[in-house]
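Just so it is clear: chains get the letters A, B, ... in the order the sequence lines come, proteins before strands, and each one is counted from 1. Nothing here was measured: the structure is a model prediction, and the numbers come from that model.
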Amino acid sequence: MTDPASLLPLAVLLPLGAAAALLMLSHWLPPRSADLAATIVSLLLALFCGWLAWRGLNQPLIHWFAGWTPASAGRPDVRLGISFVADAPSAAVSALYALLFAASFVFSWGYFDKVHAHFQVLMLLFLAAMIGFCMTRDLFNLFVWFELMSIAAFALTAYPLRESSLEGALNFIVTNTIASFSMLMGIGILYARTGTLDFALMAQALAGHGGALAAGGFCLLAFALLTKAAIVPFHFWLSDAHAVAPSPVSVIFSGAMVSAGCFGLFKIVIGIFPLDRAVIAFVHDGLPWFGIVTAILGGLTAWAQRHLKRLLAFSTIAHLGIVLVGVATLTPEGEAGMLLYIGGHGLIKGALFMIAGILLARFNSCDEIALYGRGRALWPAGLAMGVGALLLANAPVGLLYRAGDVIDNALGWRAESIAAVLSSALTGGALLRAAARIFLGCSGAPGPERSAPTEREREKSDRPLWLMLLPCCLLLVLALLPANLLEPFLRRAARNLLTASNMHPAVMNGAPPDALTPSAFLTPGLAVALALLSILRLRPVGRFARFAARLETLPFRVLHILHSGLVTDYVMWMALGLSAIAMVFYLR
Amino acid sequence: MSVLPWCVAAWLFAVGIYGVVTSRHYVHLVGCLSVCQSATYVLLLAVGFHWNAGPPIFYDHPPGTPAVDPVVQALVLTDIVIGATVTALLLAIVVQVQKLSGSVDPQRLRPLRPNA
């Protein structure tokens, strides 16, 4: 029996190899075989990473590439090699990503006929990059996977070669490229401070007081990862990129790529800075505020959208705020909740983007006002959308509700509880409103969403409905699984990881009891109430009603103006955000 | 090591960002991004530099001779490759945008237009 750790590189070699083989053979392969091969490879990877997670629960598997183990350098303070470590959280997140890719490949079956498997090749590269990003324990290697992930994502966004997708891709590329430059600078600064790129050795070197260089390096790394994770004020690119990318790609963007940013931040804090007091204090006391502002702003902006993909994009921003709060708790419970949240949110958001894709394929639009009542014949899709919307609004079943509860309890801030309720109710309410308009033909005079940006677009339409609905429903079923199937595993995984990093986790409140209290229905109730209010609303006729309507629209108008779509504005906001992070560090 | 390369790196990054923010032509904007990127080159090379040290090639030197850090040089090479890829992709997209919309002014292009 071979050492299981020597199988670890397969997690990236398999998708990379499959991508290369598909690219080579694409001219000879019969149509659809690329779809089939890509689906099988991602399913295999999901199983493999799931196995790695299970194997690595107590003792993570470690692989040193080309045999450059720490012993081979001959000195304890020098590590020349690059390692992959399959600890349970990393492998579990990789398994989730591979599963989402498999679902997305099934969803996009026959979507990209004309081009020789380029879509599948790019997607497999994307998947390999995400898995490498999750597993690596070398800071520069992390950067390389990060860049591979970005470049595959850039190309996939611009893929349809339409005006809007090209312009969205430009915004995406410019903002994320600046982020990756800053990541590289951060890596350079940390290397100057510690003289190594290996996570464990860096953590040793930064133990106690990392000093100004370490703080500066962390600021730059955090800036890059928070941009990827679309945290306010670095989030502007996301709504453009997600709204214009082909819907199978949006499934991955929202379900996997964005949360990979938060997960990367978690890994860096746990891996490199667990003993640096200044950084830990910033993460624990400062980052939740970024998350809270992101959740509220994302929720409000999502409420005022009419283009379904754009609405979902802002809802992703809102929920990533909660994930960031989970990262910032730094307790085993909180981190387990964060992992569960990434899972639940990824599955639900993937399914909802598939619904948007179905609407695009059938009606060449996903504008809730333009599609008023046209979805009646597609009632199964409407049903799935309703279920997804309720789950996003924290209906007390499934993974997401429990995860939100655990994070909330682990942090124990009132402001965060309010932000979570508000953002979930607003995004869930907005989705319920859109579902009611499209699939039930309920209308109501449009409120602040009337003046939101929108566009008609076309996606390939001859795919059978059941083939598009199947992966969507599967994802929803997985999201509906009872959380206690996964939660004990994730909690042990998070505890082992935090203990291994020698970090003394903050005193925890313990996990909340898994009981159904009346307050669990507060958020979904609020979401339904908001949706009902907006589909029952009348056109403002009287003078006072018109004044009230204008007053209501005003803050949303400001939000629309802020999300201008101009990349120059976005870069400006990012620069301001970076200085804000640096200021927080400086003032402490 | 002197403070100068660090200041140069910070200045290049700031100037590049300023150029991106005020740009009125996408090709100019891509150029400004490259300026930002050269800040990373300067910074990385400054990190690995030692006075009175040779290149990290020990073909005709005995091992142990002072040499600059080869790790950061490898990082810079990787960075150059990545930068070239991104620049090529960006310029290719800019060409397509010019074909489709007839403008490459970043202040005029926006992915979805407000529904006025």
Margin query: Measuring from atom CZ of Arg162(A) to atom CD of Gln96(B), what distance do you get when rounded to the nearest 0.5 angstrom?
Written below: 13.5 Å
Check: Using non-hydrogen atoms only, which part of Leu43(B) is less than 4.5 Å away from chain A: side chain, backbone, both, or neither?
Finding: side chain
Check: Atom OH of Tyr41(B) and atom CG of Leu184(A): how far apart are they, to the nearest 0.5 Å?
Finding: 9.0 Å
Notebook entry, point to check: What are the two closest non-hydrogen atoms of Ile17(B) and Ala575(A), and how far apart are they?
Noted result: CG2-CB, 4.4 Å
Margin query: Could you check whether atom CG of Asp60(B) has more than 12 heavy atoms from other residues, nucleotides or ligands sitting under 6.0 Å from it?
Written below: yes
Next item on the list: Could you tell me which non-hydrogen atom of Ser23(B) sits nearest to which non-hydrogen atom of Thr568(A), and how far apart they are?
Entry: O-CG2, 4.1 Å
Note to self: I need the residue from Val174(A), Leu197(A), Leu148(A), Asn171(A) with the largest number of non-hydrogen atom pairs under 4.5 Å to chain B.
What the structure shows: Val174(A)
Notebook entry, point to check: What are the two closest non-hydrogen atoms of Glu163(A) and Leu100(B), and how far apart are they?
Noted result: N-CD1, 3.7 Å
Checklist line | Inter-residue atom distance Ser38(B).OG - Phe181(A).CZ, 0.5 Å rounding | finding: 8.5 Å
Check: Is it the side chain or the backbone of Leu166(A) that comes within 4.5 Å of chain B heavy atoms, both, or neither?
Finding: both
Note to self: So for Tyr18(B), is it side chain, backbone, both, or neither that comes closer than 4.5 Å to the heavy atoms of chain A?
What the structure shows: neither
Note to self: Between Leu29(B), Val30(B), Asp69(B), who has the most heavy-atom pairs with chain A when the cutoff is under 4.5 Å?
What the structure shows: Asp69(B)
Item checked: Ile173(A) side, atom CD1; Leu90(B) side, atom CG - distance, nearest 0.5 Å -> 4.5 Å
Checklist line | Any side-chain heavy-atom pair of Val567(A) and Tyr26(B) under 4.5 Å | finding: yes
Next item on the list: With side-chain contact (heavy atoms from CB on, under 4.5 Å) as the test, would you mind laying out the steps for Val21(B) and Tyr570(A) before giving the verdict?
Entry: CA-CA 8 Å; Val21(B) 170; Tyr570(A) 295 179; over 6 Å; no
Margin query: Is Thr85(B) close to chain A through its backbone or its side chain, or both, or neither, when contacts mean heavy atoms under 4.5 Å?
Written below: side chain
Notebook entry, point to check: What pairs of residues pass the salt bridge (Lys or Arg N to Asp or Glu O under 4.0 Å) test when at least one of them lies in residues 17-36 of chain B, not counting sequence neighbours?
Noted result: Arg24(B)-Asp105(B)
Check: Which atoms form the tightest heavy-atom contact between Leu566(A) and Pro106(B), and what is the distance?
Finding: CD2-O, 3.5 Å
Margin query: For the interface with chain A, which of Thr22(B), Ile82(B), Val72(B), Val94(B) has the highest count of heavy-atom pairs at distances below 4.5 Å?
Written below: Ile82(B)
Notebook entry, point to check: Of the backbone (N, CA, C, O) and the side chain (C-beta and beyond), which part of Phe140(A) lies under 4.5 Å from a heavy atom of chain B, both, or neither?
Noted result: side chain
Next item on the list: Check whether Leu44(B) gets within reach of chain A through its side chain, its backbone, both or neither, counting any heavy atom under 4.5 Å.
Entry: side chain
Check: Counting only heavy atoms not in Tyr586(A), do more than 12 fall under 6.0 Å of its OH?
Finding: no
Next item on the list: Could you tell me which portion of Phe143(A) (side chain, backbone, both or neither) has an atom closer than 4.5 angstrom to a non-hydrogen atom of chain B?
Entry: side chain
Next item on the list: Given side-chain contact (heavy atoms from CB on, under 4.5 Å), test Glu147(A) with Asp79(B) step by step and report yes or no.
Entry: CA-CA 10 Å; Glu147(A) 274 299 285; Asp79(B) 188 26; over 6 Å; no
